[in-house]
Protein chains: 2
Amino acid sequence: MSYSRHQLIALLRKRGIAPTHQRLEIANVLFSRGEHLAADQILTLVNERHAETSKATVYNTLNLFRDCGLIREVIVDPKRVFYDPNTEPHHHLYNVDTSEITDISADDLVVSGMPELPPGMVTEGVDIVVRIRAL
Amino acid sequence: MSYSRHQLIALLRKRGIAPTHQRLEIANVLFSRGEHLAADQILTLVNERHAETSKATVYNTLNLFRDCGLIREVIVDPKRVFYDPNTEPHHHLYNVDTSEITDISADDLVVSGMPELPPGMVTEGVDIVVRIRAL
DNA sequence: GCCAAAGATTGGACTTTGTCTAATCCGGGC
DNA sequence: GCCCGGATTAGACAAAGTCCAATCTTTGGC
């Protein structure tokens, strides 16, 4: 599931994000791999060939992508945030031993009995994490 | 919902935890308030009268309590772990504006369609977080 | 294509959360 | 009351993430 330079540019433009070098590199790593990656992993991957993107830019860009709804944060590991290129509603299987994250389709996993929210409150999202481990 | 010194000692002893001064203070803050608290909040609360418990001890103790099943970690805020004195199965409402956490009974909120686990894997827990915000 | 303005990137200092260590300090059993 | 293994401590350390002011790119108007 690889994306061409043009496709990536279109993806960013659609959200009003100026397609710079660094942003395209980061988008490429996220969307072409389709994996859940943490900031430090992205920093490493993006600089694999020749270093060209700084830590600050990786964090800036991930926050920008998140704010624009291009990617989603996954909060499962107390040590770091993971970024998910899949923004469709879905849930996660989290291997606590290896920190590996796998998707669970929202069609399979269904929640019922959502509580009334306090007035003036809206749901931003429902995240389900199934924590698993060996044995 | 206040706990007496004796009740707290019994609570720790039941899990084989030696009831020291500091541990009782921390247990008291958690169980008497019944709130979801982060380590730094616990450190502050415990030292409100006169400082007597160090940061290291707060972290040691929270990890100990967690390992002994006395409390539960709640991973919802990328900035810090919250500790929950309620270890019964239940879920959480998380106010992303205020970082406030509220319980949702597991009787109300039901999940169906749990996926097959890879062989040799066991479920450690299923955490549902309903993220809400004002507006 | 050129230029300026707006916006993006950068290294490095800084903050925060949490861990580690080696020294000291209990407290429960004898 | 004494001892000893476990508990506590200050402070150094580590890792994730933010901030800043200087510099570099993009982009849109011409």
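Chain identifiers are assigned alphabetically (A, B, ...) following the order of the sequence lines, protein sequences preceding nucleic acid strands; residue numbering begins at 1 within each chain. Model, not experiment: these values are computed from the prediction.
- Summarising the geometry, the separation between CG on B:N60 and C1' on C:dT21 is reported as 11 Å, rounded to the nearest angstrom.
- Between A:E88 atom CD and A:R72 atom CZ the span is 9.5 Å, to the nearest 0.5 Å.
- D:dT25 atom C1' lies 16 Å from atom CG of A:L12, rounded to whole Å.
- There is no side-chain donor-acceptor pair under 3.5 Å between B:H91 and B:D108.
- Summarising the geometry, the separation between CG on A:L64 and P on D:dG17 is reported as 17 Å, rounded to the nearest angstrom.
- A:T98 places a side-chain N or O within 3.5 Å of a backbone atom of A:E100 that can act as its donor or acceptor partner.
- Between A:N63 and the phosphate of D:dT18, there is a side-chain N or O to OP1/OP2 separation shorter than 4.0 Å.
- With C:dT9, D:dA10, C:dG12 as the choices, the nucleotide that has an atom nearest any side-chain atom of A:A56 turns out to be C:dG12.
- Just one residue in the list A:I132, A:T102, A:V76 forms a side chain to side chain contact (heavy atoms under 4.5 Å, CB included) with A:Y94, and that residue is A:V76.
- Of the residues listed (B:I9, B:L11, B:L8), the one engaging B:P19 in a side chain to side chain contact (heavy atoms under 4.5 Å, CB included) is B:I9, and it is the only one.
- Contact annotation for A:R13: backbone-only contact, meaning every heavy-atom pair under 4.0 Å involves sugar-phosphate atoms and none involves a base.
- For the pair A:S32 (side chain) and A:N28 (backbone), a donor-acceptor distance under 3.5 Å is present.
- A distance of 11.5 Å separates CD1 of A:I26 from CG of A:L37, quoted to the nearest 0.5 Å.
- Non-hydrogen atoms lying under 4.0 Å from DNA chain D are contributed by A:P19, A:H21, A:A39, all within residues 16-48 of chain A.
- When only modelled atom types and interatomic distance are considered, A:H92 and A:D84 share a side-chain donor-acceptor pair under 3.5 Å.
- A:L62 has its CG atom 9 Å from the P atom of D:dG17, to the nearest Å.
- From one end of the helix from C:dG1-D:dC30 to C:dC30-D:dG1 to the other, with five pairs defining each end axis, the axis direction shifts by 30° (rounded to 10°).
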Quiz item: Where do A:R80 and A:D40 land on the side chain to side chain contact (heavy atoms under 4.5 Å, CB included) test, with the steps shown first?
Solution: CA-CA 9 Å; A:R80 58 239 235 266; A:D40 62 310; 3.9 Å; yes
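- Projected onto DNA chain D by closest heavy-atom contact, A:Y59 and B:K55 fall at different nucleotides, the more 5' of which corresponds to B:K55.
- Note that OH of B:Y83 is 12.0 Å distant from CD of B:Q41, once rounded to the nearest 0.5 Å.
- Within residues 72-82 of chain B, the residues that have a heavy atom under 4.0 Å from DNA chain C are, in order of number, B:K79, B:R80, B:V81.
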